[in-house]
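Below, all heavy atoms of this structure are taken into account, side chains as well, without hydrogens, waters or symmetry copies.
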Amino acid sequence: MRNSLLLAAIVGTFAAPAAVMAEEAAEATSPHTITYNVGLTSNYIFRGTSQSGDRPAIQGGMDYSHSSGFYLGTWASSISWLADTGADGAGGDRAYNSSSMEWDLYGGYTAEIGETGITYDVGVLQYIYPGRRNSVSGSYNADTTEIYGGLSYKWVSAKYSWSPSKSAFGFEGRGASYIDLTLEVPFGESGYSAIAHVGRQEFGNGPNEYDYTDWKLGLSKAWDNGIVVGGYYTDTDADRQAFTYGPVFSGKENWTLFVQKTF
């Protein structure tokens, strides 16, 4: 079996140029594009908080896009935050008795505004957290729907997400929102890019002690084979004592490394 796999790999290497040419020809005539991605991160950070309890997470997804600008996708990651105890992972309550996965479904439309170079993106994203919910006082279903709209121009992008759900990520507050401003600057043709981000999470009509701002600084390196490696520093001004259950604010999450491969 091992020799057969080695032979297949060698044959595949020599056949790769022909396969790439065939794929490029197909892409030139087909309006449909499907890509897959898989990744590993030392800590899954979402809006400044650890979703994996300061531990590594495995992630992956699939995206479909049409030349008209319409797209659909799904993505999943291992998590632990709903079953972690307390804001620092050491005390407090569990929002869920068991929950180990986040599953996202999304779809939308993106296009350029005339010939301005400005691109807009609108869509809907559904966060799903399978698991058995606990009866913690004040906790709610973590499943969350968000409607989003964004604009991007060259290196700068801004996005606003609003939730019609009666609760957001396990916290009370219909109309929760998140605004995101990101700057991603490539270093010529080197494949390196620097990223700077700031975001604001608010929980609608819920208790405002949960509202917070997060920020991130990072660096990544991309190769033509679809591999991206990077790292970033992130932090928040959240009132950690208010989060008696849910996301982790232990401080270890400040530095994160990741690797991703897109097919």
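Remark: K154 NZ to I118 CD1 distance equals 10.5 Å, nearest 0.5 Å. From E102, atom CD reaches atom OG of S80 across 12.0 Å, with rounding to the nearest 0.5 Å. For the atom pair OG of S52 and CD1 of I45, the computed distance is 6.5 Å after rounding to the nearest 0.5 Å. Separating the CZ atom in R174 from the OG atom in S167 is a distance of 9.0 Å, to the nearest 0.5 Å. Taken to the nearest 0.5 Å, the CH2 atom of W155 stands 15.5 Å off from the OG1 atom of T182. Note that CZ of R200 and OG of S177 are 9.0 Å apart. Values are rounded to the nearest 0.5 Å.
A donor-acceptor pair under 3.5 Å links the side-chain atoms of K221 to the main chain of S190, judged by distance alone. Looking at S165, its side chain never comes within 3.5 Å of a backbone N or O of A168 through a donor-acceptor pair. Of the possible polar contacts, one joining the D211 side chain to the F203 backbone as a donor-acceptor pair under 3.5 Å is found. A distance-only check finds a donor-acceptor pair linking the side chain of T110 to the backbone of Y120 [under 3.5 Å]. At distances below 3.5 Å, not a single donor-acceptor pair connects side-chain atoms of S152 with backbone N or O atoms of V156. The backbone N or O of W215 sits less than 3.5 Å from a side-chain atom of T234, completing a donor-acceptor pair. For the pair Q201 (side chain) and Y212 (backbone), a donor-acceptor distance under 3.5 Å is absent. With hydrogens and angles ignored, the 3.5 Å screen pairs a side-chain donor or acceptor of N37 with a backbone N or O of G61. Judged purely by atom type and a 3.5 angstrom limit, S78 uses its side chain to pair as donor or acceptor with the backbone of I58.
Between Y64 and T35 there is no side-chain heavy-atom pair separated by less than 4.5 Å. Contact of the Y148 side chain with the D121 side chain is registered, since non-hydrogen atoms from C-beta on lie closer than 4.5 Å. A heavy-atom distance below 4.5 Å is found between the side chains of Y160 and W162. Under the 4.5 Å side-chain criterion, counting only non-hydrogen atoms from C-beta, I79 is in contact with Y129. Taking 4.5 Å as the limit, some side-chain heavy atom of N225 sits within range of a side-chain heavy atom of K261. Side-chain contact check for D104 versus I128: every heavy-atom pair is 4.5 Å or farther apart.
For T49 and Q51, the side-chain atoms include at least one donor-acceptor pair closer than 3.5 Å. In summary, the side chains of T145 and Q126 do present a donor paired with an acceptor at a separation below 3.5 Å, with no hydrogens or angles considered. Side-chain atoms of D63 and S65 include no donor-acceptor pair closer than 3.5 Å. The closest side-chain donor-acceptor pair between N43 and T256, if any, does not fall under 3.5 angstrom.
In this structure, G231 and L257 approach most closely via the heavy-atom pair CA-CD2, 4.0 Å. When all heavy atoms of D143 and N141 are compared, the pair lying nearest together is N-OD1, 3.1 Å. The shortest non-hydrogen separation linking I195 to L219 is CG2-N, 4.4 Å. When every heavy atom of V228 is checked against every heavy atom of S220, the shortest pair comes out as CG1-CB, 4.2 Å. A pairwise comparison of heavy atoms in F187 and A194 identifies CZ-CB, 3.8 Å as the closest pair. For T116 against E112, the heavy-atom pair with the smallest separation is N-OE2, 3.5 Å.
By the criterion of side-chain heavy atoms lying less than 4.5 angstrom apart, applied directly or through intervening Ile, Leu, Val, Met, Phe, Trp or Tyr residues, Y109 is not grouped with I147; the two fall into different hydrophobic clusters. Taking hydrophobic clusters as Ile, Leu, Val, Met, Phe, Trp and Tyr residues chained together by side-chain heavy-atom distances below 4.5 Å, V124 shares a cluster with I179. In this structure, Y233 is not a member of the same hydrophobic cluster as L183, with clusters built from ILVMFWY side-chain heavy atoms closer than 4.5 Å. Linking ILVMFWY residues whenever their side-chain heavy atoms come closer than 4.5 Å, directly or via other members, places F263 and L72 in the same cluster. Hydrophobic clustering, with ILVMFWY side chains joined whenever heavy atoms are under 4.5 angstrom apart, keeps V259 apart from V38.
The side-chain tip of R47 points at the ring of Y178 from less than 6.0 angstrom away and within 45° of straight on.
With W75 as the partner, the ring pair (Phe, Tyr, Trp, His ring centres under 6.0 Å) test is satisfied by one option alone out of Y127, Y44, Y106: Y44.
Counted within 6.0 Å of CE on M101, heavy atoms from surrounding residues, nucleotides or ligands total more than 12; the atom is thus considered enclosed.
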Self-check item: side-chain hydrogen bond (donor to acceptor under 3.5 Å, both in side chains) between W103 and T74, worked out
Solution: CA-CA 7 Å; W103 180 28; T74 183; 2.8 Å; yes
Quiz item: Hey, mind stepping through V198 and T213 against side chain to side chain contact (heavy atoms under 4.5 Å, CB included) and telling me if it holds?
Solution: CA-CA 7 Å; V198 63; T213 300; 3.9 Å; yes
Practice problem: Start with the C-alpha distance between S68 and H66, add both sets of side-chain angles, then the distance that settles side-chain hydrogen bond (donor to acceptor under 3.5 Å, both in side chains), and finish with yes or no. | Solution: CA-CA 5 Å; S68 65; H66 189 268; 2.9 Å; yes
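For F169 and F46, the ring centers sit closer than 6.0 Å to each other. Checked against a 6.0 Å centroid threshold, the rings of Y192 and W223 do not count as neighbours.
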